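Everything on this sheet refers to the single structure shown next.
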Amino acid sequence: MSGRRQYPFHLIEPKWQQHWDEQQTFRAWNPGEVVPENHPFAQRHGGDAMAAGHQPPPKYYILDMFPYPSGAGLHVGHPEGYTATDILARYQRARGRHVLHPMGWDAFGLPAEQYAIKTGQHPRKTTETNIATFKRQIKSLGFSYDWTREVDTTDPEYFKWSQWIFLKLYNSYFDPELNKAQPIELLEDALSENPTRKNEWKNNAFLVGTHEGWLSLKETARSQARNLFLAGKRLAFVTEAPVWWCEQLGTVLANEEVVDGKSEVGGFPVVRKPMRQWMLRITAFAERLLSDLDTIDWPESLKEMQRNWIGRSEGAEVHFQISNSESQITVFTTRPDTLFGATYMVLAPEHKLVDQITTPEQRDAVAKYKADVTKKSDLERTELAKDKTGVFTGAYAINPVTKQQVPIWIADYVLASYGTGAIMAVPGHDTRDFEFAEKFNLPIVQVVQPPDSKTDWHGFTDDGTVVNSTNAEISLDGLTTAEAKTKITAWLESRGFGKKTINYKLRDWLFSRQRYWGEPFPIVWKRDASGNLYHEALPESALPVLPPKLDDYKPTPDGQPPLARAQDWVNLPDGSTRETNTMPQWAGSCWYYLRYLDAKNPNAFVSKDAENYWMGSRRGNEADKSTNPPPHVGGYETPGVDLYVGGTEHAVLHLLYARFWHKVLFDLGYVSTREPFFKLVNQGLILGEDGQKMSKSRGNVVNPDDILVEYGADAFRLYEMFMGPLEMSKPWNTKGVEGVYRFLGRVWRLFVDEQSETEFEQAETTAETQRCRELLDILKLNLTIKDVPATPAQLKTLHATIKKVTEDLDGMRFNTAISAMMVFVNEAMTWETKPISVLRDFLILLAPFAPHVAEELWAKLHSSLITHHSSLSSASLSSASLSYAEWPKFDSALLVEDTLEIPVQVNGKLRDVIKAAIDADNATLEAAAKASEKAKPFIDGKTIKKIIIVPKKLINIVVG
RNA sequence: GCCGGUGUGGCGAAAUGGCAGACGCACAGGACUUAAAAUCCUGGGACCGUAAAAAGUCGUGUCGGUUCGAGUCCGACCACCGGCACCA
């Protein structure tokens with residue numbers, strides 16, 4: 001253990017936390033707000049800085065991924081990111097930026113609900129308890145959050161706006177020509193006005209064939225058709241589709257929440273089950289979600305994960321005529337150049353043509369295979385991937401280029417959910433098709449010649465030269481793969497056999513859950529005159545839609561969501577019924593960063609002014625919005641969130657969903673940027689002391705509360721940053737905390753008089769005064785601290801530190817910034833006289849990292865100045881709050897040395913270090929190097945071929 | 001299999017192509033102390049030397065290349081971590 005306490009952090013930290021709270025020191029101000037004169041922000045920027053007509057200070061929006069307040073409390077991983085952002089928030093505040101640094105709770109979620117099912121305790125209660133714990137723990141770390149902007153996704157005043165955004169999605173459609181979301185009213189209007197849209201209208205399958213026919217419909221039928229049509233266009237829509245159903249959780253899950261055939265939460269098995277569900281049309285935004293990644297400053301690996309998830313691939317659709325049938329099978333292929341090698345076709349077992357084309361002889365085999373496949377969980381389907389299975393349907397299709405009849409099979413290696421659910425099999429040049437063809441003795445032909453003639457063409461999938469690909473109309477032979485793709489696609493298009501297309505892996509977002517603890521949908525179901533069910537949005541005035549009170553939070557026995565138990569809530573007086581699904585947890589986290597901007601606004605999810613100030617960039621808004629903003633505008637005003645810090649676990653869930661919602665809000669004119677998070681950094685994992693991931697079962701979990709009691713928040717913060725680069729995974733080492741704790745102790749002793757410290761400790765031993773903050777007044781400033789001018793050497797030390805810390809903070813290199821401060825303190829400890837001005841600047845550097853001890857010493861420095869040095873200049877006396885003190889500037893002129901130590905190398909190996917004047921010319925340096933006694937033995941007897949002189953750096957003598 | 005990241009002392013790490021190992025941990029020796037804790041000082045990559053030094057040689061996952069000079073740039077490979085994975 002640490003033994004004697006290094007300094008009284010147990011008194012200092014609560015004292016300053018309370019002070020910041022009471023003064024609302026870190027409150028950020030919205031446009032139009034008047035800042036009280038005594039607030040440190042007003043002292044720095046003026047009380048009317050945010051008033052209309054004033055140029056407000058440049059903003060800096062720095063955001064943490066808000067936590068899910070679990071019952072387990074904070075772990076040491078949480079404060080890692082929070083400390084990094086807090087240091088930058090405090091640093092930017094010192095640099096004069098108006099910092100928005102908020103915190104809140106992503107509090108809907110399964111654990112509170114499962115606890116409710118077990119114990120009957122309302123999830124609200126569990127959530128409130130957990131939030132209280134998290135808040136206490138986070139506050140004890142002294143972060144400079146603006147708590148007036150705290151959000152809680154489960155607060156009706158918050159989720160009212162989540163529901164409001166859902167209504168925006170519901171009442172919008174995607175216009176492919178404009179490539180953007182539009183209000184659904186435009187589509188309704190266009191139906192009757194715009195001829196091309198009329199066609200679209202007419203061609204919808206569920207409608208009568210002609211516009212005239214449409215007009216002849218009775219009003220009720222027309223209204224029904226209209227509802228159906230619009231329902232099919234909305235960004236939020238209902239579909240009956242196979243979804244992931246998790247029996248144990250009693251809910252459906254999104255693709256993103258299913259990992260290896262199991263639920264991401266709990267690891268329970270999931271099965272495919274057709275159910276009526278709400279979906280969000282994220283696929284319409286696939287291209288923008290992909291291409292806009294190029295405009296934001298995110299880690300490449302994270303962008304790559306999103307790109308993979310979106311999974312864009314360019315290729316062609318090709319239609320194959322089914323023999324003896326009117327029907328066609330359309331396939332998607334990225335290799336149209338290999339069309340001549342397509343010797344069979346495969347449909348996914350779920351493909352809708354399967355039953356239609358299967359011949360009577362094959363019917364039993366096909367039925368059996370289909371039954372087998374549905375029984376398999378997805379896990380089994382992928383685990384058994386090595387061995388291909390499938391059945392012949394008995395039907396044939398015609399290859400459009402070879403005109404040959406090719407057999408149509410079904411196999412579960414073709415997925416119903418990707419492309420068209422059907423493939424043309426080219427066993428010569430596709431690994432899977434090759435395996436399948438080998439197993440079932442299907443013909444394999446070569447159509448690509450590998451560049452290296454020694455390479456076996458069987459199953460060769462790379463690019464090469466096309467062979468065996470000629471018919472009466474077209475020949476691809478001799479072309480490269482790329483050329484052949486272009487040529488055959490053009491030919492297919494000209495003949496109506498297909499066309500160029502782009503396919504995405506991204507699926508629409510399954511947006512409903514059979515849960516209690518989530519946002520209810522602002523939707524009711526009604527029946528039209530012919531008794532058909534249709535959905536209708538509630539008006540904005542009906543928001544928030546609160547969940548009903550329940551005694552039992554389980555789903556109903558017949559599989560209805562828990563909300564269905566509240567019959568008096570579900571059934572409305574007019575005969576309509578409420579939607580009983582709830583939204584997924586992601587709903588609240590999709591837009592919370594916008595609510596922070598104007599967290600208490602009862603009239604809008606965010607006011608236009610607040611959104612403009614915090615998210616827009618003055619520079620960015622002047623630029624044409626249709627062009628992408630440059631990834632990093634060197635100046636200090638950036639669009640969107642300036643910095644977002646969090647773990648990689650949200651790479652394809654939260655971060656993709658939030659970008660999607662943001663784009664819809666952008667299209668509809670509610671936000672001013674295309675992207676929400678301009679720069680994003682992933683913090684690395686903190687591993688256990690044993691180098692393994694921390695987990696209860698390993699017993700290597702470190703509880704932050706224990707560390708705080710032993711070493712204090714400042715040491716904890718410092719250690720989290722000193723461990724290594726933020727983005728890296730690194731093992732925890734409590735001994736390392738002691739190291740930075742000792743450093744803070746040295747800082748303390750640099751400032752505090754030893755004699756007074758002894759008095760303080762004696763006073764503290766009395767039981768009744770132990771926790772008394774007034775005791776801190778006993779402590780006096782070290783007598784070696786004097787109001788004297790700094791020596792050149794002292795200035796050099798200080799300015800080298802300012803330079804290093806400033807540059808390292810700009811580059812988020814917290815660990816090396818801390819080591820620079822350690823070097824400073826080690827050096828300053830040796831000074832007999834310590835100039836106040838130097839120590840004062842040092843405290844400003846230290847403050848972002850260790851704010852409590854810095855504030856305490858700052859206060860001591862200034863109160864002591866007022867008592868003892870009343871004649872001091874105002875510059876060194878300025879006692880404005882440390883949190884808003886101006887960041888010191890370094891003067892490079894002070895860092896210049898008059899003599900330098902210059903290494904002398906012979907053939908690149910270090911042989912000596914010589915002293916030289918800073919302005920020594922090359923001839924002088926060369927002479928000095930040649931004269932070096934230590935280098936001489938390596939030069940003597942050899943000829944000097946050349947001498948490399950890097951001014952102020954190095955001399956290298958090359959001999960031969 | 002594909003994509004991304006990382007390999008440097010006993011450990012966490014640091015190094016615009018220019019003195020490898022700053023800073024810290026752990027360790028060892030010393031000072032202070034009745035003693036301990038705390039604090040302060042000193043030491044340290046390996047090898048070879050030596051009474052102790054000095055000098056020297058090797059050294060940033062492996063092999064090769066570019067360069068006067070490579071932890072850093074290029075090529076091939078190996079190991080570990082993370083993600084994706086029958087995506088046509």
Side-chain angles (χ1 to χ4, degrees), chain A residues 1-6 259-260 299-305 307-309 311-313 315 331-335 338 346 381-382 384-386 388 411-415 417-426 430-433 435-436 461 503-506 648-649 651-652 682 684-685 687 689 691 693 719 722-725 727-740 742-743 745-746 749 754 804 813 815-823 826 829 901-913 934 937 945-950 952-960:
Chain A
M1 287 287 101
S2 61
R4 200 186 114 160
R5 186 180 288 127
Q6 289 276 353
V259 178
D260 290 338
E300 198 46 44
S301 61
L302 201 154
K303 287 190 186 181
E304 208 47 37
M305 278 189 229
R307 288 189 191 110
N308 290 338
W309 192 263
R312 182 187 200 269
S313 50
V331 301
F332 172 73
T333 178
T334 55
R335 293 296 300 272
T338 62
V346 187
R381 224 166 130 161
T382 45
L384 303 174
K386 299 140 219 163
K388 296 270 180 301
D412 66 0
Y413 83 89
V414 173
L415 309 175
S417 57
Y418 181 77
T420 61
I423 61 155
M424 63 177 216
V426 183
D430 180 279
T431 315
R432 296 149 304 179
D433 298 345
E435 282 172 22
F436 193 82
T461 59
N503 229 299
Y504 299 92
K505 278 201 274 183
L506 187 69
T648 41
E649 66 273 19
V652 286
N682 289 125
L685 232 44
L687 308 171
E689 300 226 22
K693 289 183 190 178
Y719 176 65
F722 189 59
M723 291 166 86
E727 323 81 58
M728 301 279 229
S729 288
K730 52 235 160 203
W732 179 270
N733 176 11
T734 299
K735 283 284 180 195
V737 187
E738 282 184 38
V740 291
R742 278 201 279 267
F743 161 67
R746 281 201 298 282
R749 291 189 294 278
E754 226 183 305
K804 180 76 178 146
R813 293 180 297 267
N815 54 334
T816 49
I818 293 167
S819 80
M821 292 189 288
M822 289 173 165
V823 171
N826 289 345
M829 288 292 253
E901 296 199 330
I902 300 200
V904 176
Q905 298 183 338
V906 179
N907 284 353
K909 290 196 174 162
L910 179 74
R911 298 302 176 188
D912 196 7
V913 177
K934 289 181 181 166
K945 285 186 176 163
K946 77 169 136 171
I947 296 185
I948 317 268
I949 297 177
V950 185
K952 298 178 193 176
K953 280 277 185 203
L954 162 142
I955 303 161
N956 187 12
I957 302 170
V958 185
V959 298

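Both backbone and side-chain heavy atoms feed into the values below; hydrogens, waters and symmetry mates do not. Because the structure is a prediction, the values reported are computed rather than measured.
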- request: Determine: side-chain N/O of Asn815(A) to OP1/OP2 of A14(B), distance under 4.0 Å, yes or no.
  value: yes
- prompt: Taking the side chain of Lys388(A) as heavy atoms from C-beta outward, which of A88(B), C86(B), A38(B) is closest to it?
  reply: C86(B)
message: Side chain of Asn826(A), heavy atoms from C-beta onward: which of C23(B), G18(B), A88(B) has the nearest atom to it?
response: C23(B)
field: Residue list, salt bridge (Lys or Arg N to Asp or Glu O under 4.0 Å) with Lys804(A), at least two apart or on another chain
entry: Asp808(A)
query: Just by distance, with hydrogens left out, do Gln6(A) and Arg749(A) show a side-chain donor and acceptor under 3.5 Å apart?
result: yes
- prompt: Just wondering, are more than 12 heavy atoms of other shown residues or ligands nearer than 6.0 Å to CD in Glu754(A)?
  reply: no
task: Nearest whole angstrom, please: distance from the P of A54(B) to the CG of Asp912(A).
output: 15 Å
- prompt: What nucleotide, of U39(B), C84(B), G24(B), holds the atom closest to the side chain of Lys505(A)?
  reply: C84(B)
- prompt: Any idea which of G12(B), U16(B), C68(B) is nearest the Lys953(A) side chain?
  reply: U16(B)
- line: Atom CD1 of Ile955(A) and atom P of G18(B) are separated, to the nearest Å, by 16 Å
Among C68(B), A88(B), C23(B), the one nearest Val958(A) by side-chain distance: C68(B)
- prompt: Which heavy atom in Ile955(A) sits nearest to a heavy atom in Ile949(A), and how many Å separate them?
  reply: CG2-CG1, 4.2 Å
- request: Anything below 3.5 Å on both distances counts as a pair; with that, list the stems of at least three consecutive Watson-Crick or G-U pairs involving RNA chain B.
  value: B:1-7 with B:78-84, B:10-12 with B:23-25, B:27-31 with B:39-43, B:45-47 with B:56-58, B:61-65 with B:73-77
- prompt: Is there a donor on the side chain of Glu300(A) or the base of G5(B) sitting less than 3.5 Å from an acceptor on the other?
  reply: no
message: Rounded to whole Å, please give me the gap between CG in Asp433(A) and P in A88(B).
response: 12 Å
query: Is any side-chain N or O of Lys804(A) closer than 4.0 Å to OP1 or OP2 of C23(B)?
result: no
- prompt: Side chain of Tyr413(A): nearest nucleotide among C25(B), U6(B), C86(B)?
  reply: C86(B)
- prompt: If each of Thr420(A) and Lys934(A) is mapped to the nucleotide of RNA chain B with the nearest heavy atom, which maps nearer the 5' terminus, i.e. the 5' end?
  reply: Lys934(A)
- request: Using ring pair (Phe, Tyr, Trp, His ring centres under 6.0 Å) as the criterion, list what pairs up with Tyr504(A), not counting sequence neighbours.
  value: none
message: So, does Lys946(A) get its side chain near the phosphate of C68(B), meaning an N or O under 4.0 Å from OP1 or OP2?
response: yes
query: Does Arg307(A) pair with Glu300(A) as a salt bridge, N-O distance under 4.0 Å?
result: yes
message: Can you tell me how the ring of Phe436(A) sits relative to the ring of Tyr413(A), calling it parallel under 30°, perpendicular over 60° and tilted otherwise?
response: tilted
message: Checking understanding here: a glycosidic angle within 90° of 0 is syn, the rest anti, so what is G44(B)?
response: anti
- prompt: Between C25(B), A88(B), A38(B), which one does the side chain of Phe332(A) approach most closely?
  reply: A88(B)
message: Looking at C58(B), I'd like to know if its phosphate oxygens (OP1 or OP2) sit under 4.0 Å from a side-chain N or O belonging to Lys909(A).
response: yes
message: Considering every strand and a 4.0 Å limit on heavy-atom distances, what is the contact class for Pro299(A): base, sugar-phosphate, or nothing?
response: nothing
field: Separation of atom CG in Asp430(A) from atom C1' in C2(B), rounded to whole Å
entry: 15 Å
- request: State whether Arg749(A) places a side-chain N or O below 4.0 Å from either non-bridging phosphate oxygen (OP1 or OP2) of C40(B).
  value: yes
task: Quickly work out the Met728(A) CE to U6(B) P distance and round it to whole Å.
output: 6 Å
field: Those residues that, when tested against Lys505(A), pass salt bridge (Lys or Arg N to Asp or Glu O under 4.0 Å) (two or more places apart)
entry: none
- prompt: Has Ser313(A) got a side-chain N or O lying under 4.0 Å from the OP1 or OP2 atom of A88(B)?
  reply: yes
- prompt: What nucleotide among A88(B), C40(B), U39(B) has an atom nearest to a side-chain atom of Arg742(A)?
  reply: U39(B)
- line: Judged by nearest nucleotide, the residue sitting upstream toward the 5' end of RNA chain B, Met723(A) or Asn907(A), is Met723(A)
task: For G56(B), take OP1 and OP2 only and decide whether either is under 4.0 Å from a side-chain N or O of Arg911(A).
output: yes
query: Of all the choices, C3(B), U39(B), C19(B), which nucleotide is nearest to the side chain of Leu910(A) once you look at every atom?
result: C19(B)
- prompt: Counting just side-chain N and O atoms, does Arg5(A) come under 4.0 Å of either OP1 or OP2 of U39(B)?
  reply: no
- prompt: What's the CE-C1' distance between Met829(A) and C23(B), to the nearest Å?
  reply: 16 Å
- request: For Asn682(A), check side chain to side chain contact (heavy atoms under 4.5 Å, CB included) against everything at least two apart and list the hits.
  value: Pro299(A), Leu302(A), Thr648(A), Leu680(A)
message: Just the rounded figure in Å: distance from C1' of A85(B) to OH of Tyr418(A).
response: 13 Å
task: Select base, sugar-phosphate, or nothing to describe what Val950(A) touches, counting heavy atoms under 4.0 Å on all strands.
output: base
- prompt: When you check the phosphate oxygens OP1 and OP2 of C2(B), does a side-chain N or O of Arg307(A) lie under 4.0 Å from one of them?
  reply: no
query: What nucleotide among A26(B), C68(B), C23(B) has an atom nearest to a side-chain atom of Glu738(A)?
result: A26(B)
- request: Confirm from the modelled atom types if Asn308(A) and C84(B) form a donor-acceptor pair under 3.5 Å, side chain to base only.
  value: no
Spacing between Asn733(A) atom CG and G12(B) atom P, to the nearest angstrom: 10 Å
- prompt: Can you name the side chain to side chain contact (heavy atoms under 4.5 Å, CB included) partners of Glu649(A), sequence neighbours left out?
  reply: none
